[in-house]
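Here is the structure we will look at, set down as C-alpha cells.
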There are 2 protein chains.
Amino acid sequence: MAPKVSDEYKTKKKIELLQAAKRVFITKGYTRATMQDVMNEAGVSRGALYAYFDNLEHLYLELLQFEDQQDVQFFTPIAGELSWQQVTKWVSKQQVEIEKIEQTLSQANSEFFLSLRDQQKQQSYPYITTRYEKMVDVLTAFFAHGTATGEFKLQLPPEAIARYLISVIDGLMLDTAHLGAEKTKVSEQMEALLFSLRAMLGPVQ
Amino acid sequence: MAPKVSDEYKTKKKIELLQAAKRVFITKGYTRATMQDVMNEAGVSRGALYAYFDNLEHLYLELLQFEDQQDVQFFTPIAGELSWQQVTKWVSKQQVEIEKIEQTLSQANSEFFLSLRDQQKQQSYPYITTRYEKMVDVLTAFFAHGTATGEFKLQLPPEAIARYLISVIDGLMLDTAHLGAEKTKVSEQMEALLFSLRAMLGPVQ
DNA sequence: ATTATAAACGACATTAATGTCGTTTTTCAA
DNA sequence: TTGAAAAACGACATTAATGTCGTTTATAAT
C-alpha cells in the first residue's frame with residue numbers, strides 16, 4: 001500500500017494520521033488515549049504509526065501545532081470594524097467553543113499541558129510557552145492599537161488585560177470540562193467577562 | 001503490626017495513608033501517580049493499602065474530601081471587617097496558593113477532575129458537583145450580605161460574580177501550572193481581578 | 001497463657017500498553 | 001520487467017500497574 005513515495009504522499013499520510021488522532025483525543029481526552037487507539041482509528045499498523053510519530057506525546061504536540069496552524073483567524077485589527085465590536089465577537093466565539101467542548105480538543109489540551117509538569121519537558125517543548133506568549137502578544141497589540149485609534153481608554157496595562165482575558169477563558173473552559181455548560185452557566189459568565197472588559201478597556205463607543 | 005484494632009486506630013492509619021498519598025500527588029500529580037507509589041511512600045504493603053482504598057480514584061476522592069474538610073476557612077462574613085477588605089484578603093490568599101502551586105494539590109485536582117470526563121463517573125461522584133456549587137453558594141451569600149449591609153452596589157447578579165470569580169482563579173491556576181508563576185505574571189493578574197471585582201461589586205468604601 | 005480475629009504482608013495472575021524489528025508488500029525508476 | 005528502496009505489517013519481548021488471595025503476624029479479650 002505504499003513504499004518509496006513522494007514527500008507529498010508522506011505529508012498526506014501524516015495529516016490523515018493526525019486527523020484520526022484528533023478524533024481519538026476528542027472522544028477520549030489526552031490521558032486515556034493510546035497509540036493503539038490511534039492505530040485502530042486510522043486503520044493502520046503499529047509499524048506505520050511509529051514510522052511517523054515516536055510516541056503519543058510527540059504525536060499530540062504535532063497535532064497541536066497543526067491545529068494552531070489552521071486557526072489563522074487571529075486577532076488582527078479589522079478595518080471598518082470597531083475594536084470593541086471585535087472584542088465582543090471574539091468573546092462569542094469563545095462561548096460557542098466552550099459550549100461544545102465535547103467536540104473539541106480543549107479538554108485534551110488541558111490534559112496534555114498538565115501532563116508536562118516536569119521542567120525538563122517544558123523546556124524540550126518551547127512551543128508550549130511560545131504559544132501562550134504569542135496569544136498574549138496578539139491581544140496586547142490589539143488593545144494598544146485600539147488605544148492608539150482612540151477607541152479604548154485602558155485602565156490597566158494592555159498585557160495585564162491580555163493575560164487576564166486568557167485566564168478567564170481557560171478557567172471557564174476547565175470548569176465546564178468538569179461540570180458541563182449548564183452547571184457553569186457559560187453565557188452568564190460571558191456577560192460578566194464582557195462587563196469586566198468594558199471596565200478595563202474603557203471603550204469610547 | 002496491627003490486627004483486631006479500635007476504630008480510632010483505623011482512622012489514624014487511614015489519615016496516615018492519605019497523607020502519604022498527598023505527598024505523592026503533590027510531586028507526581030494525579031495522572032502519573034500509582035497505588036504502588038502510595039505504598040512505597042507510606043511504607044505499607046499492597047494488601048494494607050487496598051484494605052483501605054479500592055483504587056486510586058477512590059483514594060483521591062477521599063483525599064479531596066479530607067482536605068476540603070481541613071479548609072474550614074470559608075467565606076463567612078466576619079464581624080468588624082469590611083466586606084471589600086475580606087475580598088481583598090481572599091484574593092491575596094489565592095495568589096499565595098497559586099504561586100506555590102508545586103507544593104499544593106491544585107494541579108492534581110485539575111488532573112483528577114479532567115479524568116472524570118465520563119458522565120457516568122461524574123454522576124457516581126456527586127461530591128464533585130456539590131463542591132463547586134457549595135463554593136458558588138458561599139460566595140453568592142457573601143456578596144448578597146455585603147449588599148444588604150450597604151457595602152456593595154452589585155452591577156451583576158451575585159451568582160454571576162461568584163461563578164466568574166471561581167473561573168478566573170481556576171484559569172490562572174491552570175495556566176500557572178503549565179507555565180510557571182513568572183510567565184503568567186500572577187500578581188499582575190490578581191490586580192486585574194481586583195479591578196474587575198471592584199467594578200462588579202461597587203464597594204461603597 | 002490462649003485463642004479468635006482481622007490487619008498486614010507479598011506472591012501471583014492478569015491486563016494493557018509500549019517500542020522494536022524481521023518480514024512482506026508496494027512503488028518508482030532504470 | 002525487474003529490482004532496490006522504503007512503507008506498512010504484525011509478532012514479540014518488555015515493562016508496569018492492577019486487584020486478588022492465601023499466609024503470617026500482632027492484638028485484645030478471656
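A note on names: the letters A, B, ... follow the listed sequences, proteins ahead of strands, and every chain is numbered from 1.
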> Could you give the CD-to-P distance, from E57(B) to dA17(D), as a whole number of Å?
Replying inline: 18 Å
> When the distance from CZ of F53(B) to P of dA17(D) is rounded to whole Å, what number comes out?
Replying inline: 20 Å
>> Just the rounded figure in Å: distance from P of dC21(D) to CG of D54(B).
In response: 14 Å
>> Using whole Å, what does the distance between atom P of nucleotide dA8(C) and atom NZ of K14(B) come to?
In response: 12 Å
> Does Y52(B) place a side-chain N or O at less than 4.0 Å from the phosphate oxygens OP1/OP2 of dA7(C)?
Replying inline: no
>> How many whole angstroms separate atom CZ of R32(B) from atom C1' of dA17(D)?
In response: 15 Å
> Quick one: ring pair (Phe, Tyr, Trp, His ring centres under 6.0 Å) partners of F142(A), sequence neighbours excluded?
Replying inline: F75(A)
>> Using a strict heavy-atom distance below 4.0 Å, which residues from residues 34-49 of chain B are in contact with DNA chain C?
In response: V44(B), S45(B), R46(B), G47(B), A48(B)
> For the residue pair L56(B) and M35(B), what are the closest heavy atoms and their distance?
Replying inline: N-SD, 3.7 Å
> Quick one: side-chain hydrogen bond (donor to acceptor under 3.5 Å, both in side chains) partners of N55(B), sequence neighbours excluded?
Replying inline: H58(B)
>> With salt bridge (charged side-chain N to carboxylate O under 4.0 Å, His left out) as the rule and sequence neighbours excluded, what pairs involving residues 166-179 of chain A come up?
In response: none
>> If I take atom NZ in residue K13(B) and atom C1' in nucleotide dA26(D), what distance separates them, rounded to the nearest angstrom?
In response: 12 Å
>> Which residues in residues 21-29 of chain A have a heavy atom closer than 4.0 Å to any atom of DNA chain D?
In response: none
List, one per line, each side-chain donor-acceptor pair under 3.5 Å for residues 157-164 of chain A, sequence neighbours excluded.
unit_1	atom_1	unit_2	atom_2	d
R163(A)	NH1	K183(B)	O	3.3
Y164(A)	OH	Y164(B)	OH	2.7
Y164(A)	OH	S196(B)	OG	3.0

>> So, using ring pair (Phe, Tyr, Trp, His ring centres under 6.0 Å) as the criterion, who are the partners of F143(A) when residues are at least two apart?
In response: none
> Partners of K14(B) by salt bridge (charged side-chain N to carboxylate O under 4.0 Å, His left out), sequence neighbours excluded?
Replying inline: E62(B)
> Does the side chain of Y9(B) get closer than 4.0 angstrom to OP1 or OP2 of dA26(D) through an N or O atom?
Replying inline: no
> Which residues satisfy the ring pair (Phe, Tyr, Trp, His ring centres under 6.0 Å) test with Y60(B), sequence neighbours excluded?
Replying inline: F25(B), Y30(B), F112(B)
>> Without decimals, in angstroms, what is the distance between E16(A) CD and dA7(D) P?
In response: 15 Å
> What nucleotide, of dG19(D), dA8(C), dA7(D), holds the atom closest to the side chain of K10(A)?
Replying inline: dA7(D)
>> Show the nearest heavy-atom pair for residues I101(B) and S106(B), with the distance to one decimal.
In response: CG1-CB, 4.0 Å
> Separation of L17(B) atom CG from dA7(C) atom C1', in whole Å?
Replying inline: 12 Å
